[in-house]
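Everything numeric in this text was worked out from a predicted model, so none of it was measured. In what follows, residues are counted from 1 in the order of the sequence shown.
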Amino acid sequence: MADAAVAAGKGGEGKADNNGTGSNGVGVGTDGGTNPLGHDQLGEPQQRRRMRSESDGDVSKKTITARTNMLGILQTKLNKIKTPIKGQKPQFLKDISTGAAVRCLCEIDDTVWVASRDGTIHVRDFMSGELTATIAPTLRDSKQEHKFFVNTMFRRALHVWLGSSDGFLHKYQIRHQYDGPSEYVSVNQALVHSGGILCSASSDEHFWTGGQDGQIVQDADSNKKLLGHKGWIRSLFHDEELGELWSCASDGIRIWEVPLLESSSEESRFMPKAKKERSGKPSEPLCLLKVGEEHVWCGCSDGTITVFNRKSKAKVKTFTAHKDRRPISCLEMVGNSVWAGGSMSAISIHVAATMKPAGSISIPKGTVTCFVYFRSRVWVGSRAGKCFMYRIFQMRGQRMSFRRSRTSPRNGARSGSAARSMTPTAPRTSRRAEKKWRRGSFADMVKMQDPDKTKVKMREKETQTDPWECPNCKRTMEDLSALNQELETTKLALDESRKELKEARIEMDRSAMELLTAEESLEAASSRAESLEAARAKAEAAAQAALDQARRLREESERANDGFKEQLARRDEEIRRLRELLAKAEEGQASALAKARALQRSLDAKAQAEAEAAEARRRRESEEKEARRREKEEEEARKKREEEEEAGEAEKIAG
C-alpha cells in the first residue's frame, strides 16, 4: 500500500487541491485563512510556493490514477524510459539463470518451457518466472548415458513435441491438476531424422520437422518427406490459408504444397539465396516469420531482413536491421512491432506496418538465441545461460482514471462536497507549464502507511509541517484506503475467476481429450472402413483377375490339347519310322555280326598259326642254345683235363 501511496503522489505531482492546498499537503483554508498550525510556522520558501499555488487559481485538480492494479506511477516510469519505441515501451524486469545456453523457448498454457544446452527443460511461470517443473528427456531403450538437447518445441492438443539434437522426436502429455501444478508425462519417442532436428511447424491436423539431414518430414512418417534442400533446414513456416509450407536453408527458400500423400522433391516455388554483398558474404536465410496478413519476414546471415509478399511471393523490401551486419537468427512479433536478434546482444525493433526502425534494446549479457511473447511479457534467451524478462506497455492517448472532482474555492463550494467518478480523462492540453513535484507531499503519506519506507531525504527542512496534521492528506489516505478495499475485493473476485477459469480449463481439457479420443476413434473407424472398402475392391479385382486367368488357362489348355494331339501323331509317325530304321539296323547288324564272326575266325586261325610258328621258332632257338651250351661245357671240360695233365707232368718233372 505504501507503493500505491507513492504512485498516487507521482501521478498527481505538481497540482494543487481545490481546497487551496498545495501538493505538499500543507493546509490552506478555502477563505485564504491561516494554517491550523499558523502561518508563522511556515518558512519563506513554503509561503512562496503557497502563494504561487493560490495564484494559479482553478487550474489544478488532484487526480489519483489507477490503471489495471497500477496508479499514476506507471505513467511516470514509462516517461523515464529512454528507448524511443513508438507505440510500446519495454521495461526490463529480471534475469533468470538456466545453467547453460538457451536453445529455444515455447509458451505452453500460462508457462514458458526453456530448453537449455545441457539437455534439461525448465518449466516456469510466464508472468513471474518462478520454476514449477524440470524435465530431462531420456531415451527409454538406452542402457548407457546419452547426452542430447532440445532445439525446437511445439504443442498440439494436450501433447508437447520436443525435437532433439540426435534426431529423435519426444512426445509429452499435459495432465492438469485441480489443486496443483500440471504434470508432464513422456508418452512416446521416435527417430525421425538422421541428424538433429532444428525447427518445426504445425497445424490442426499435421506437423512438420526440419533437420540437419536436409529433409522435411511430415507427421514423423518416413514415407512423407520433402527432399530438395542441400543444407540444414533452419526455419519452417506453415501458411494454413494457402496450404503452403515455407522452408529456408543455406541454398535459399523453398515453398511446398502440403499436406503430403507421399514423399516429393518438387517444390512449387524456389527463391535462391542472394548473391554476395559488399561484405563478401552470401546472404543466406536463417529464420522466417509471418507478419500481418500480407508479409513474410526473413532474417539473413548478412544482417538484413527481406520482406516477401505472402500471396504473390514477390520481394517487397530489404533493409538492414543492425549496423554491424551481424546474422539475424530469430524474429518475434511483439504487439505491433517485430523484434530481431541474433549473434549479438542488441535487439532491433521495427514497426510491423511500415517496416521502419522503432528503436533498439540490449540484453545485459550474452547474445540472443530466441524470443517468445505472451500477454505483456517478452522472454529473451541468450547463450550466456540466462533468460531476460521484459514487460511491454502499450501507450494509448486516453486512459481510465479515478478522478476526485471538486468545485473551485472561488465559486464558494465547500471542500467536503467531493464526488468520485470513473471516467476516461484525456491528456491535459493546457499551455501552462506543469509544476515540478515538490518535497514533502505524498512521499510523507508513505510514512503514515509504513514508516520504514519513508524517503528521509525529502524531509530535511525543519520548517516542514508534519503530514498527519494535514486534513487534506487524511482525506487522501481515506480515499486510498477505500481504493485498497476495492482492490482487495477485486483481487478476491479475480482469484475466484481464476479458480473458475482453471476448473473450466480442466473441463475443457477433459472435453478436448474426449473429443480427441472420439476423433481418433472416428479416424480409426474411417480408416477401417476405407481399408474394408479397399479390401473389397481388391477382392473383386482379384476375383476378376482369377476369372480372366481361368479363361486364359482354359484357352491355353485347349490350344495345348490340340498341340498335344499333333505331337502324338508326329510321335507315332516318328516311332514307325524309327521301327523301320531299327529293323534295317538289326538286319545290318546280323550281317555285320556274321562278317565279324568270319573275320574273327580267320583272325583266330591266323593267330594260332602265328603262335605255332613262334612256338616252333622258340623250340629251335632253345635247342640251338642248349647245343651251344653243351659244346661250351665240353670245351671247358676238355681244357680242364689238359690243364690237369700238364700239371701232373710238371709235378712229375719236379719230383
*Apply the test ring-ring contact (aromatic ring centres under 6.0 Å, His included) to residues Phe207 and Trp161: give CA-CA distance (whole Å), side-chain angles for both, the deciding distance (0.1 Å), then the verdict.*
CA-CA 10 Å; Phe207 64 89; Trp161 301 77; 4.8 Å; yes
*Yes or no on side-chain hydrogen bond (donor to acceptor under 3.5 Å, both in side chains) for Ser202 and His238, after CA distance, side-chain angles and deciding distance?*
CA-CA 7 Å; Ser202 63; His238 177 238; over 6 Å; no
*Candidate pair Ile328 and Thr304, rule side-chain contact (heavy atoms from CB on, under 4.5 Å), full reasoning*: CA-CA 7 Å; Ile328 304 297; Thr304 62; over 6 Å; no
*Are Glu266 and Trp256 close enough, and set up right, to give a side-chain contact (heavy atoms from CB on, under 4.5 Å), and what steps lead you there?*
CA-CA 8 Å; Glu266 297 181 359; Trp256 316 81; over 6 Å; no
*asked:* One pair to check against side-chain contact (heavy atoms from CB on, under 4.5 Å): Leu288 and Ile253. What are the steps and the verdict?
replied: CA-CA 10 Å; Leu288 297 169; Ile253 300 175; 4.2 Å; yes
*Report the C-alpha separation of Phe148 and Phe168 in whole Å, then their side-chain angles, then the decisive distance to 0.1 Å, and conclude whether the ring-ring contact (aromatic ring centres under 6.0 Å, His included) test is met.*
CA-CA 10 Å; Phe148 58 89; Phe168 276 83; 7.6 Å; no
_I'd like to know whether Ser591 forms a side-chain contact (heavy atoms from CB on, under 4.5 Å) with Glu587, so could you lay out the CA-CA distance, the side-chain angles of the two residues, the decisive distance to 0.1 Å, and finally the verdict._
CA-CA 6 Å; Ser591 62; Glu587 293 177 358; over 6 Å; no
*Which is it for Asp251 and His229 under the side-chain hydrogen bond (donor to acceptor under 3.5 Å, both in side chains) test, yes or no, and what are the steps along the way?*
CA-CA 7 Å; Asp251 56 350; His229 281 294; 3.0 Å; yes
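Under a 3.5 Å cut-off, the side chain of Arg155 and the backbone N or O of Ala157 do form a donor-acceptor pair. Put simply, the side chain of Asp219 never gets that close to the backbone of Asp221: no donor and acceptor are under 3.5 Å apart. Between the side chain of Thr98 and the backbone N or O of Gly385, at least one donor-acceptor pair lies under 3.5 Å. One N or O on the side chain of Ser165 and one on the backbone of Phe149 form a donor-acceptor pair closer than 3.5 Å. The main-chain N or O of Gly381 is found under 3.5 Å from a side-chain atom of Thr369 such that the two form a donor-acceptor pair. Remark: the backbone N or O of Val185 is not paired with any side-chain donor or acceptor of Gln173 at under 3.5 angstrom. Arg254 places a side-chain N or O within 3.5 Å of a backbone atom of Gly228 that can act as its donor or acceptor partner. Side-chain atoms of Arg326 come within 3.5 Å of backbone atoms of Ser343 as a donor-acceptor pair (strictly under, hydrogens ignored). At least one donor-acceptor pair closer than 3.5 Å links the side chain of Thr132 to the backbone N or O of Val123. Of the possible donor and acceptor atoms, one in the side chain of Asp213 sits under 3.5 Å from a partner among the backbone N and O of Ser194.
Within 6.0 Å of CG in Leu261 there are 12 or fewer heavy atoms belonging to other residues, nucleotides or ligands. For Lys317, the NZ atom counts as densely surrounded, since its 6.0 Å shell holds more than 12 non-hydrogen atoms of other residues, nucleotides or ligands. Atom CZ of Arg559 has more than 12 neighbouring heavy atoms from other residues, nucleotides or ligands inside a 6.0 Å radius. Atom CD of Glu107 has more than 12 heavy atoms from other residues, nucleotides or ligands within 6.0 Å.
Residues Phe154 and Trp113 keep their aromatic ring centres 6.0 Å or farther apart.
Once rounded to the nearest 0.5 Å, the distance linking CD of Glu555 with OG of Ser557 reads 9.0 Å. With values rounded to the nearest 0.5 angstrom, Lys225 atom NZ is found 4.0 Å from Gln215 atom CD. Here the CD atom belonging to Gln218 is positioned 11.5 Å from the CD atom belonging to Glu262, to the nearest 0.5 angstrom. Put simply, CG on Leu582 and CD1 on Ile575 are 12.0 Å apart, with the number rounded to the nearest 0.5 Å. Rounding to the nearest 0.5 angstrom, the gap separating the CZ atom in Arg103 from the CE atom in Met153 is 11.5 Å. The distance from the NE2 atom of His295 to the OG1 atom of Thr306 is 13.0 Å, given to the nearest 0.5 Å.
Looking at Ile233 and Ile216, their side chains come closer than 4.5 Å, going by heavy atoms from C-beta outward. Annotation: side chain of Val112 is in contact with side chain of Val372 (closest heavy-atom distance under 4.5 Å). Between Ser329 and Cys287 there is no side-chain heavy-atom pair separated by less than 4.5 Å. Side chains of Met355 and Val307 form a contact here, defined as non-hydrogen atoms less than 4.5 Å apart. A 4.5 Å side-chain heavy-atom check between Glu556 and Leu553 finds at least one atom pair inside the cut-off. At a threshold of 4.5 Å between non-hydrogen side-chain atoms, the residues Val217 and Lys224 do not count as touching. Contact annotation: the side chain of Ile197 never approaches that of Ser164 to less than 4.5 Å [non-hydrogen atoms, C-beta and beyond]. Side-chain atoms of Ile121 and Thr134, non-hydrogen and from C-beta on, never get closer than 4.5 Å to each other.
For the pair Ser222 and Ser263, the tightest heavy-atom approach, listed with the atom from each and the gap, is O-OG, 4.1 Å. Taking every heavy atom of both residues into account, Thr152 and Cys104 meet most closely at N-SG, 3.8 Å. The two residues Val368 and Cys330 make their nearest non-hydrogen contact at CG1-SG, 3.7 Å. Taking both residues in full, the closest heavy atoms of Cys387 and Trp379 are given as CB-CE3, 3.9 Å, listed atom of the first, atom of the second, then distance. Taking every heavy atom of both residues into account, Leu236 and Ala201 meet most closely at CB-CB, 3.9 Å. In plain terms, the two heavy atoms of Phe308 and Lys315 that are nearest each other are CD2-CA, 4.0 Å.
Between the side chains of Gln608 and Asp604, no donor-acceptor pair is found at a separation under 3.5 Å. Using a 3.5 Å distance cut-off with no hydrogens or angles, the side chains of Thr120 and Asp118 do pair a donor with an acceptor.
With Trp297 as the partner, the ring-ring contact (aromatic ring centres under 6.0 Å, His included) test is satisfied by one option alone out of Phe319, Trp246, Trp339: Phe319.
Electrostatic pairing of Glu533 and Arg536 counts as a salt bridge here, judged by a charged N lying under 4.0 Å from a carboxylate O. Between Arg570 and Glu574 no salt bridge is recorded (no basic side-chain N to carboxylate O distance below 4.0 Å). Taking 4.0 Å as the cut-off between side-chain N and carboxylate O, Arg310 and Asp239 count as a salt-bridged pair. In this structure, Asp204 does not pair ionically with Arg156, as no charged nitrogen and carboxylate oxygen lie closer than 4.0 Å. Under a 4.0 Å N-O distance rule, the pair Glu580/Arg576 qualifies as a salt bridge. Between Lys313 and Glu244 there is a salt bridge, since a side-chain N of the basic residue sits under 4.0 Å from a carboxylate O of the acidic one. With respect to Arg551 and Asp548, a salt bridge is recorded, a charged nitrogen being found less than 4.0 Å from a carboxylate O.
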